[in-house]
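The structure appears below as structure tokens.
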Amino acid sequence: MVITGIGPLGLIAPVGTTGGPGPSGDTTAEGGVSFAEMVSDTAGRTVNRMREAEQLSVEALQGKGDMRQVADAVMSAEQSFQAAVAIRDKIVAAYLEVSRMAI
């Protein structure tokens with residue numbers, strides 16, 4: 001089983017704006033990182049940790065890897081995955097809360 005990457009997340013422009021990067025090329029008015037970039041970066045790091053754990057597991061099965069490294073990588077990947085799921089759950093809950101608001 002090979003873990004595939006996550007594609008880029010699209011930016012959603014706030015109500016009343018034209019969207020896209022600002023005049024300086026930044027994606028937010030303050031020049032910081034946008035929420036979509038932050039979520040995409042976090043998801044990418046999670047996928048990379050899972051790939052690393054998978055690769056170390058395959059090497060261990062072939063007799064080329066250290067079991068301690070495999071255990072550490074799998075635990076790190078599991079923690080990253082649990083954090084990603086928790087973030088996803090919070091995003092979904094926030095979306096549902098906003099969708100229930102009266103306009």
Side-chain angles (χ1 to χ4, degrees):
M1 175 174 129
V2 177
I3 299 171
T4 59
I6 295 176
L9 299 174
L11 295 176
I12 299 174
V15 176
T17 64
T18 58
S24 65
D26 294 326
T27 55
T28 64
E30 297 81 27
V33 177
S34 74
F35 180 73
E37 288 175 349
M38 181 186 62
V39 171
S40 181
D41 184 49
T42 301
R45 279 188 269 131
T46 300
V47 169
N48 288 339
R49 285 187 179 152
M50 293 179 83
R51 283 183 180 159
E52 180 184 345
E54 180 182 38
Q55 180 63 33
L56 288 172
S57 297
V58 169
E59 289 175 6
L61 288 172
Q62 294 171 346
K64 302 175 188 174
D66 179 30
M67 289 306 293
R68 180 184 165 97
Q69 288 179 332
V70 172
D72 289 342
V74 169
M75 286 175 31
S76 176
E78 182 181 3
Q79 288 175 343
S80 294
F81 182 71
Q82 288 175 352
V85 168
I87 291 168
R88 183 216 48 197
D89 291 346
K90 290 289 185 180
I91 291 170
V92 169
Y95 173 78
L96 292 173
E97 180 91 14
V98 169
S99 69
R100 283 188 234 125
M101 288 183 181
I103 296 177

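No side-chain heavy atom of M38 sits under 4.5 Å from any side-chain heavy atom of D41.
At most 12 non-hydrogen atoms from other residues, nucleotides or ligands lie less than 6.0 angstrom from CD of E97.
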Verdict with supporting geometry, D72 and R68, side-chain contact (heavy atoms from CB on, under 4.5 Å): CA-CA 6 Å; D72 289 342; R68 180 184 165 97; 3.9 Å; yes
Dump the intermediate steps for side-chain contact (heavy atoms from CB on, under 4.5 Å) on I91 and V39, then the final yes or no. CA-CA 10 Å; I91 291 170; V39 171; 4.3 Å; yes
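Here the shortest heavy-atom pairing between A84 and T46 reads CB-OG1, 4.1 Å. Residue R49 comes nearest to A77 through the heavy atom pair O-CB, 3.7 Å, listed as atom of the first residue, atom of the second, then distance.
Between the CG atom of N48 and the CZ atom of R51 there is a distance of 6.0 Å, given to the nearest 0.5 Å. Between the CD atom of Q69 and the OG atom of S57 there is a distance of 11.5 Å, given to the nearest 0.5 Å.
When hydrophobic residues (I, L, V, M, F, W, Y) are linked wherever their side-chain heavy atoms come within less than 4.5 Å, the members clustered with L96 are V92, Y95.
Both V85 and M50 belong to a single network of hydrophobic side chains, linked directly or stepwise wherever heavy atoms of I, L, V, M, F, W or Y lie under 4.5 Å apart.
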